[in-house]
2 protein chains.
Amino acid sequence: MSKCSQRHHKHSHSHSCNHPQSDLSELTAKLRKNARKITGPRQAILDLLRQHPHPMTNKEIQAGLPEGMCDLATIYRSMHMLEEMELVKRFDFGDGTARFELVHEGEDGHHHHLICTVCADVVEIDECFQQELEDAIAKRHGYQAVTHKLEFFGVCPECQEDAKKAREKKGK
Amino acid sequence: MSKCSQRHHKHSHSHSCNHPQSDLSELTAKLRKNARKITGPRQAILDLLRQHPHPMTNKEIQAGLPEGMCDLATIYRSMHMLEEMELVKRFDFGDGTARFELVHEGEDGHHHHLICTVCADVVEIDECFQQELEDAIAKRHGYQAVTHKLEFFGVCPECQEDAKKAREKKGK
DNA sequence: GCCAGTTATGCAAACCTTTTGCAATTCAGG
DNA sequence: CCTGAATTGCAAAAGGTTTGCATAACTGGC
């Protein structure tokens with residue numbers, strides 16, 4: 001599995017780019033290969049994810065779809081399937097709710113996030129620590145197929161401002 | 001569950017050392033300071049955690065306590081309190097269940113784990129990537145008070161063996 | 001030591017996210 | 001277009017975690 005060793009997507013988030021039809025074709029191909037069906041809900045979910053630069057919860061996905069178009073259970077099932085098919089990537093922000101992001105063609109979707117602990121704003125982080133560290137850890141303990149999950153948490157500029165104002169107000 | 005639970009953890013860490021009475025005194029001091037009470041359940045939980053080198057779930061904690069000594073709800077409440085008091089540290093292995101580890105005196109408990117995705121064996125990892133990366137990320141995006149959560153996942157040596165045997169058997 | 005007042009606990013019910021059983025529906029290939 | 005397999009919706013269940021409330025336990029002051 002490829003990692004994030006020397007990527008340098010500066011700050012650009014390829015996520016906001018448009019990959020017009022590509023998803024559908026890729027979807028079709030990948031699904032067909034596994035004897036899976038191309039259904040309305042599945043297409044709609046991928047379409048929706050394509051427009052979102054950040055991970056979405058299943059509830060958010062449902063809310064983003066046309067009213068009543070898709071049952072929550074179907075979304076859960078779809079996400080499992082899409083994840084297994086590596087069309088989406090699952091992220092865990094530590095709040096007990098899974099989030100999913102579209103994986104773009106040719107990428108493996110491995111990256112991290114910086115999440116505001118106050119307002120839950122999300123910034124995509126494309127850099128990662130050196131691969132050597134992971135390799136060293138794997139080797140030292142004899143583990144294989146080692147991967148990692150990494151997320152950053154902090155307070156975003158806006159919330160810092162808010163906090164500051166709140167303090168001033170209180171001080172008066 | 002614990003096929004590989006108590007194996008040689010070669011590079012054992014400070015976590016397996018004994019800090020005899022220290023916890024109690026520290027506990028008492030910290031609790032008193034916050035007008036909290038030193039109760040049986042709370043002491044028992046810390047005692048139990050002191051003997052465990054790896055993070056425990058609330059259920060495991062309850063199971064490790066004398067039969068019927070403590071309600072699950074009490075454990076949940078205790079862990080919240082102990083976490084806020086920085087006597088324990090919460091970890092998230094991505095399986096939707098919180099785990100807690102004792103924080104030893106003078107430490108902040110920040111470290112990571114390497115978890116076997118097959119048998120759930122855990123190895124403590126004391127190293128971390130360079131602080132500079134985190135600082136750079138924080139600065140670039142204007143975030144403050146940035147921290148991170150990082151866990152490694154892979155297949156432990158024993159489970160690699162098991163898988164190998166299974167393959168051979170099948171091949172015959 | 002004992003009391004009063006506050007903090008904790010146990011128990012049961014509630015909450016949330018996620019999973020699952022099952023009958024009805026939809027899709028793909030012939 | 002038809003048929004069988006895959007998928008969906010709905011409702012119920014399963015986990016983990018939280019919460020309301022009456023009862024029990026702890027602490028500081030007498």
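Hydrogens, waters and symmetry mates play no part in the numbers below; they use all other heavy atoms, side chains included. Letters go in sequence order (proteins before strands), and every chain restarts at 1.
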A.B. asks: Send over the distance from A/M56 CE to C/dT17 P, rounded to a whole Å.
C.D. replies: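 Those two atoms, CE and P, are 15 Å apart.
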
A.B. asks: So, is B/R42 near the phosphate of D/dC26, with a side-chain N or O under 4.0 Å from OP1 or OP2?
C.D. replies: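 The answer is no; no side-chain N or O of B/R42 sits under 4.0 Å from OP1 or OP2.
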
A.B. asks: Starting at CE of A/M69 and ending at P of D/dT7, how long is that distance when rounded to a whole Å?
C.D. replies: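 Distance check: A/M69 CE to D/dT7 P gives 16 Å.
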
A.B. asks: Taking A/G154's backbone N and O only, do any of them form a donor-acceptor pair with A/T117's side chain (distance below 3.5 Å, no angle check)?
C.D. replies: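 Confirmed, A/T117 side chain pairs with A/G154 backbone.
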
A.B. asks: Suppose we screen for side chain to side chain donor-acceptor pair (under 3.5 Å). Which residues come up paired with A/D121, at least two apart in sequence or across chains?
C.D. replies: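 Side chain to side chain donor-acceptor pair (under 3.5 Å) check on A/D121 returns B/Y143.
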
A.B. asks: A/I38 has an atom CD1; how far is it from atom C1' of C/dG29, in whole Å?
C.D. replies: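 Nearest whole value for this atom pair: 13 Å.
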
A.B. asks: How long is the straight-line distance from CG of B/L133 back to SG of A/C128, given to the nearest 0.5 Å?
C.D. replies: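 So the SG of A/C128 and the CG of B/L133 are separated by 7.5 Å.
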
A.B. asks: Starting the side chain at C-beta, find the nucleotide from C/dT18, D/dG16, C/dA8 nearest to A/A98.
C.D. replies: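 Output: C/dT18.
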
A.B. asks: Salt-bridged, A/R140 to B/E127, with N to O below 4.0 Å?
C.D. replies: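 Between B/E127 and A/R140 there is a salt bridge, with a charged N closer than 4.0 Å to a carboxylate O.
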
A.B. asks: Output the rounded distance in Å from CG (A/D92) to P (D/dG16).
C.D. replies: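 So the CG-P distance, A/D92 to D/dG16, works out to 16 Å.
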
A.B. asks: Could you tell me whether a side-chain N or O of B/T74 sits under 3.5 Å from a main-chain N or O of B/C70, the two making a donor and an acceptor?
C.D. replies: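 Not a single qualifying donor-acceptor pair exists.
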
A.B. asks: Specify the closest pair of heavy atoms between A/A44 and A/L65, including all atoms of both residues, with the distance to one decimal.
C.D. replies: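 So the two residues come closest at O-CD1, 3.9 Å.
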
A.B. asks: Write down the distance between CD (A/E60) and P (C/dC16), rounded to a whole number of angstrom.
C.D. replies: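 Roughly 16 Å, once rounded to whole Å.
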
A.B. asks: Let me know the distance between CG of B/L65 and C1' of C/dT9, rounded to the nearest Å.
C.D. replies: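 B/L65 atom CG is separated from C/dT9 atom C1' by 14 Å.
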
A.B. asks: Taking only heavy atoms on the protein side, list every residue of residues 71-80 of chain B lying under 4.0 Å from any atom of DNA chain D, sorted numerically.
C.D. replies: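 Hits under 4.0 Å, by residue number: B/A73, B/Y76, B/R77, B/H80.
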
A.B. asks: Which pairs pass salt bridge (Lys or Arg N to Asp or Glu O under 4.0 Å) with one or both residues in residues 58-85 of chain A, sequence neighbours excluded?
C.D. replies: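 Listed once each, the pairs are A/E83-A/R90.
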
A.B. asks: Measure the distance from CD1 on B/I61 to C1' on D/dT17 and round it to the nearest whole Å.
C.D. replies: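 So the CD1-C1' distance, B/I61 to D/dT17, works out to 14 Å.
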
A.B. asks: Mind checking what makes ring pair (Phe, Tyr, Trp, His ring centres under 6.0 Å) contact with A/F91, not counting sequence neighbours?
C.D. replies: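 Testing A/F91 for ring pair (Phe, Tyr, Trp, His ring centres under 6.0 Å), a comparison that skips the adjacent residues, returns A/H111, A/H113.
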
A.B. asks: Under the ring pair (Phe, Tyr, Trp, His ring centres under 6.0 Å) test, which residues partner B/H110, sequence neighbours left out?
C.D. replies: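 Ring pair (Phe, Tyr, Trp, His ring centres under 6.0 Å) check on B/H110 returns B/H112, B/H148.
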
A.B. asks: Hey, does the side chain of A/K37 come within less than 4.0 Å of C/dT26's phosphate (OP1/OP2), counting only N and O?
C.D. replies: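 No, no such contact exists.
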
A.B. asks: Any side-chain N or O of A/T39 below 4.0 angstrom from OP1/OP2 of D/dT8?
C.D. replies: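 For D/dT8, OP1/OP2 do have a side-chain N/O of A/T39 under 4.0 Å.
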
A.B. asks: How many whole angstroms separate atom CG of B/L82 from atom C1' of C/dA8?
C.D. replies: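 Distance, rounded to whole Å: 13 Å.
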
A.B. asks: For the helix from C/dG1-D/dC30 to C/dG30-D/dC1, what is the angle between the axes at its two ends, each from 5 pairs, rounded to 10°?
C.D. replies: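 Terminal axis comparison yields 40°.
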
